[in-house]
Amino acid sequence: MRAMADAPRYRFAPSPTGMFHVGGARTALHNWALARQSGGTFVLRIEDTDEVRNRPEWTEGIIDALAWIGISADDPHFEGPLFQSAYAEAHLDAARRLFEGGHAYYCDMTPEQIQERAKAEGTTGYGGWSRDRGLGPGPGHVLRFRVPEGTTVVRDQVRGEVKFDNGTIEDFVLVRGNGTPVFILANVVDDEAMAITHVVRAEEHLPNTPKQQMIWQALGHEPPVWAHVPVLVNDQRKKLSKRRDKVALEQYRDEGYLPAAMINYLMTLGWSPGEDEIQPWSVMEQKFRLDDVNLSPAFFDLKKLAAFNGEYIRKLTVDELVEACDPWLPDDWDRAAFREMAPHIQPRLVTLGDAPGVVDFLFTDDPEIDETSWDKTMTAEYAAPLLADVIGAYEQADWTADTLKSTLEDLMTRYELKLGKAQAPVRVAVTGRTVGPPLFEALEVMGRDESLRRMRAALERIG
RNA sequence: GCCCCCAUCGUCUAGUGGCCUAGGACACCACCCUUUCAAGGUGGCGGCACGGGUUCGAAUCCCGUUGGGGGUGCCA
């Protein structure tokens, strides 16, 4: 019991937007690792304060996405989902206490009026106009926090001490004119209500932190331990945004990235697991330390993610690979044939979604002829006679990859060709392309009749 | 504008005053292997932003400059 009482409580607090941001995934992973390695708890809180964006299916999406990266709602370290909206009473109650304690005051100025006034006075921002007007609650009145004089020091697990001169912080809004609480208040009240001990989030929240810390103190509580990890950026070094960048975790999932690869890659951003950066989650989960987190923004590099994914795909057993690819394969494709080819396509895949495109010629009625490939190979003088010879020899040959290969090797000497050149017309005839999985293995899987049919068709086309 | 954060190869990082002639990975290039393309192997290219200190000694500590980023809402 004692241990439970002392166990840290981390939280992950996404707002439901309909897609799960990769940056959020990384933050979730950090919190998850920290909670699990300390015997603590990972609290999932859905920040649904903004009524406009609040749909139940969004929450399902978040839970699914978390599950995909190994953060299971069934794990004993997982708590939630809790909903911010369910704490509305507590938010307003806190607001009331803040007002009654003199830590907050009401103001009836609209944003437009504030702007005009600032402009007229040649200043910027709000300026605390209603501080001493003694206004009470009322329609259109916002509640503002009375920022005290002095300095606020945020002790951050990643960045050390960060000092803010309170004079640079405006009297910010706690409750909107329509009576609803703003994120900054709700966030603090929820963290307190949920007994959160550690707030680990992205750096973009650092400027909020002194404000939240002041609210904690005004409410009479000790703030949690803060930690702000650097943001993820795009190739322009701008924060990853859903408008510009490919940030939806679901999209990577649907393209056939393996969760293990995504998790591993995400963890290497801003942190390093040590000697070898390819590490299983079980190891990273134990090794991860906030003190070791880098301080500068990290570029989310699709190429490196792809490299990780390829590496993870190559580590799969054939059975695992076949099973993993299944969702991307058309229903009517012969699974046994695909399985035969699986070991051969394995080193050629970047994503699971690439699989069908590599072996589609095996399952279609006719190969889709790539004209560039055709022109490159079939216009050679030897193409037609060689193809004719191959057809003749293959009518009799043992239909195994080995004999098919040696048979072609016997023929090619007549034309003074190397295997690389000699196999090309056959490959284009059968697959339609110049590149693809190992030819003779593919022929073996395709079978004699269909293979010969395609070669004859090609011969005819050459004329 | 103001506040805050940051700064090691193109990118992600190792490095916490001497082990650094700065290590690894991705990308790129070359070669090898080879049944095309991959994968794999070997090698190469490439970096401590700049200027001052501190120190016997600095990528590592301090200051400044420059450059990036984040925040500046009655969004979260």
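Within every chain, numbering begins at 1; the chains are lettered A, B, ... in the order of the sequence lines, protein sequences first and strands thereafter.
Close to rA76(B), at under 4.0 Å from its OP1 or OP2, lies no side-chain N or O of R201(A). Residue N294(A) has a polar side-chain atom (N or O) positioned under 4.0 Å from OP1 or OP2 of rA14(B). Dashed line: the shortest gap from a side-chain N or O of R237(A) to OP1 or OP2 of rG70(B) is not under 4.0 Å. Regarding contacts with the backbone of rG70(B), every side-chain N or O of R159(A) stays at 4.0 angstrom or more from both OP1 and OP2. Residue K239(A) has a polar side-chain atom (N or O) positioned under 4.0 Å from OP1 or OP2 of rG71(B). OP1 or OP2 of rU35(B) has at least one side-chain nitrogen or oxygen of K405(A) nearer than 4.0 Å.
Taking the P atoms as reference points, rU60(B) lies 15 Å from rG15(B), given to the whole Å. Between rA7(B) and rC62(B), the distance separating the two P atoms is 11 Å to the nearest Å. The same atom, C1', is picked in rA39(B) and in rC45(B); the two are 23 Å apart, to the nearest Å. Using P as the reference atom, rG47(B) and rG10(B) are 7 Å apart when rounded to the nearest Å. To the nearest whole angstrom, the two P atoms, one in rA49(B) and one in rG67(B), are 16 Å apart. The gap from the C1' atom of rU54(B) to that of rA59(B) amounts to 16 Å, rounded to the nearest Å.
With hydrogens and angles left out, the side-chain atoms of Q279(A) and N264(A) include no donor and acceptor closer than 3.5 Å. Between R11(A) and N187(A), the side chains place a donor N or O and an acceptor N or O closer than 3.5 Å (distance only, hydrogens not considered). For the residue pair T403(A)/S406(A), the side-chain donor-acceptor check at 3.5 Å is not satisfied. Residues N178(A) and T180(A) have side chains that bring a donor and an acceptor to within less than 3.5 angstrom of each other.
Among the nucleotides rG70(B), rU35(B), rA76(B), the one closest to any side-chain atom of F183(A) is rA76(B). Between rA27(B), rC4(B), rU11(B), one nucleotide has an atom nearer to the side chain of F164(A) than all others, and that is rC4(B). For L206(A), counting side-chain heavy atoms from C-beta on, the closest listed nucleotide (rC3(B), rU35(B), rC5(B)) is rC5(B). With distances taken from any side-chain atom of P207(A) to the nucleotides rG70(B), rC4(B), rA25(B), the minimum falls on rG70(B). Between rU13(B), rC12(B), rG71(B), one nucleotide has an atom nearer to the side chain of S272(A) than all others, and that is rU13(B).
Look at CZ on F299(A): it is 14 Å from P on rG10(B), rounded to the nearest Å. For the pair L269(A) CG and rA25(B) C1', the interatomic distance rounds to 13 Å; values are reported in whole Å. In this entry the distance linking CD1 of I278(A) with P of rC12(B) reads 17 Å, nearest Å. For the pair E311(A) CD and rA27(B) C1', the computed distance is 15 Å after rounding to whole Å. Rounded to whole Å, atom C1' of rG71(B) lies 14 Å from atom CZ of F172(A). Between the NZ atom of K304(A) and the P atom of rC12(B) there is a distance of 9 Å, given to the nearest Å. Spacing between atom CD of E203(A) and atom P of rG69(B) amounts to 12 Å, rounded to whole angstrom units.
Environment of CD in E89(A): sparse, with no more than 12 heavy atoms of neighbouring residues, nucleotides or ligands closer than 6.0 Å.
Across all strands shown, T434(A) has heavy atoms under 4.0 Å from base atoms, whether or not it also approaches the sugar-phosphate. Nucleic acid contact for P111(A): base, since at least one base atom lies under 4.0 Å from a heavy atom of the residue. As judged by a 4.0 angstrom heavy-atom cut-off over every strand, R314(A) is placed among residues touching the sugar-phosphate backbone only.
Every residue meeting the salt bridge (Lys or Arg N to Asp or Glu O under 4.0 Å) condition with E285(A), not counting sequence neighbours, appears here in chain and number order: R36(A).
Evaluation of the side-chain hydrogen bond (donor to acceptor under 3.5 Å, both in side chains) test over residues 411-427 of chain A, restricted to residues two or more places apart or in two chains, returns D389(A)-R414(A), D389(A)-Y415(A), Q423(A)-R427(A).
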